[in-house]
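Here is the structure we will look at.
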Amino acid sequence: GENVEQHPSTLSVQEGDSAVIKCTYSDSASNYFPWYKQELGKGPQLIIDIRSNVGEKKDQRIAVTLNKTAKHFSLHITETQPEDSAVYFCAASLRSGGSYIPTFGRGTSLIVHP
Amino acid sequence: GAGVSQTPSNKVTEKGKYVELRCDPISGHTALYWYRQSLGQGPEFLIYFQGTGAADDSGLPNDRFFAVRPEGSVSTLKIQRTERGDSAVYLCASSLGWGGEETQYFGPGTRLLVL
């Protein structure tokens with residue numbers, strides 16, 4: 001099965017700095033890579049995703065890059081704000097029937113200090 | 001519109017008891033997923049429904065776990081003979097399930113504690 005490694009487990013930055021979270025995956029058949037933000041007591045919320053036929057995607061302050069050859073992908077958050085503080089999860093997804101089943105990383109706790 | 005809802009929000013039970021966890025997906029979403037999230041871990045896939053049928057149940061850990069979705073909307077996750085290791089947050093998600101739209105919308109979860 002798929003195995004996803006995520007680093008770092010904790011990331012502390014000052015407001016306005018950039019934050020980078022990195023993930024690797026093992027199964028080359030994975031072809032959909034969502035990123036989720038989870039706040040305390042809530043379910044994960046999709047913030048950005050990328051498909052295997054794209055190398056980079058950007059949405060305002062958030063960008064994701066994908067290197068299929070190396071099997072790694074990264075989340076970049078620029079101009080961090082205190083409200084960005086949360087746990088972030090990457091996932092690598094394999095096709096199953098008409099949907100995708102994600103394997104999640106262990107999460108990165110991002111702390112943005114004002 | 002309403003998001004995914006899960007009930008109860010918290011459940012405390014004793015070892016060996018039976019529990020049922022309910023999920024109400026977003027209206028019109030044909031795909032429904034169950035995950036389990038242990039403390040400090042990412043969600044772990046359990047089972048996925050497309051309509052009324054279980055399209056993939058490869059994540060169910062053993063035969064004590066069972067899920068149903070009889071009318072293609074609400075789903076119930078059932079755990080028999082609960083064990084302390086079953087303590088976790090059980091998350092439900094739904095997606096449109098067709099047209100290449102893969103975005104899964106998660107509910108707030110049910111926190112299960114087995115004493």
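Computed from heavy atoms alone, side chains included, the values below leave out hydrogens, waters and symmetry copies. Residue numbers start from 1 in every chain, and the chains themselves are labelled A, B, ... in the order their sequence lines are given, proteins ahead of strands. Note that the structure is a prediction, hence the values are computed from the model and not measured.
Minimum interatomic distance between B:F45 and A:I101 (heavy atoms only, all atoms of both residues): CG-CG2, 3.5 Å.
If you chain together hydrophobic residues whose side chains sit under 4.5 Å apart, A:I47 and A:F33 fall into the same group. By the rule that hydrophobic residues join a cluster once side-chain heavy atoms approach within less than 4.5 Å of another member, A:Y36 and A:V87 end up as members of one cluster. Hydrophobic clustering, with ILVMFWY side chains joined whenever heavy atoms are under 4.5 angstrom apart, groups A:V13 together with A:W35.
Note that the CG atom of B:D56 and the OH atom of A:Y100 stand 14.5 Å from one another [nearest 0.5 Å]. Here A:L46 contributes atom CG and B:F106 contributes atom CZ; the two are 9.0 Å apart, rounded to the nearest 0.5 Å.
Counted within 6.0 Å of CD on A:Q45, heavy atoms from surrounding residues, nucleotides or ligands total 12 or fewer; the atom is thus considered open. For A:E79, the CD atom sits in a loose shell: 12 or fewer heavy atoms of surrounding residues, nucleotides or ligands are nearer than 6.0 Å. Within a 6.0 Å sphere centred on CD of A:E83, heavy atoms belonging to other residues, nucleotides or ligands number more than 12. For CD of B:E71, the number of neighbouring non-hydrogen atoms (other residues, nucleotides, ligands) closer than 6.0 Å is 12 at most.
Judged by distance alone, with hydrogens and angles left aside, the side-chain atoms of A:Q38 form no donor-acceptor pair with the main-chain N or O of B:G42 at under 3.5 Å.
The part of B:Q37 that comes within reach of chain A is its side chain, from C-beta onward, which places non-hydrogen atoms under 4.5 angstrom from that chain. With a threshold of 4.5 angstrom between heavy atoms, A:P44 approaches chain B through its backbone and through its side chain.
Chain B forms the most heavy-atom pairs under 4.5 Å with one residue out of A:G107, A:C90, A:G41, and that residue is A:G41. For the options B:G40, B:P43, B:S9, heavy-atom pairs under 4.5 Å to chain A are most numerous at B:P43. For the set A:G105, A:S109, A:P102, the entry with the most heavy-atom pairs within less than 4.5 Å of chain B is A:P102.
You'll find the side chain of A:P34 stays beyond 4.5 Å of the side chain of B:Q104, heavy atoms only.
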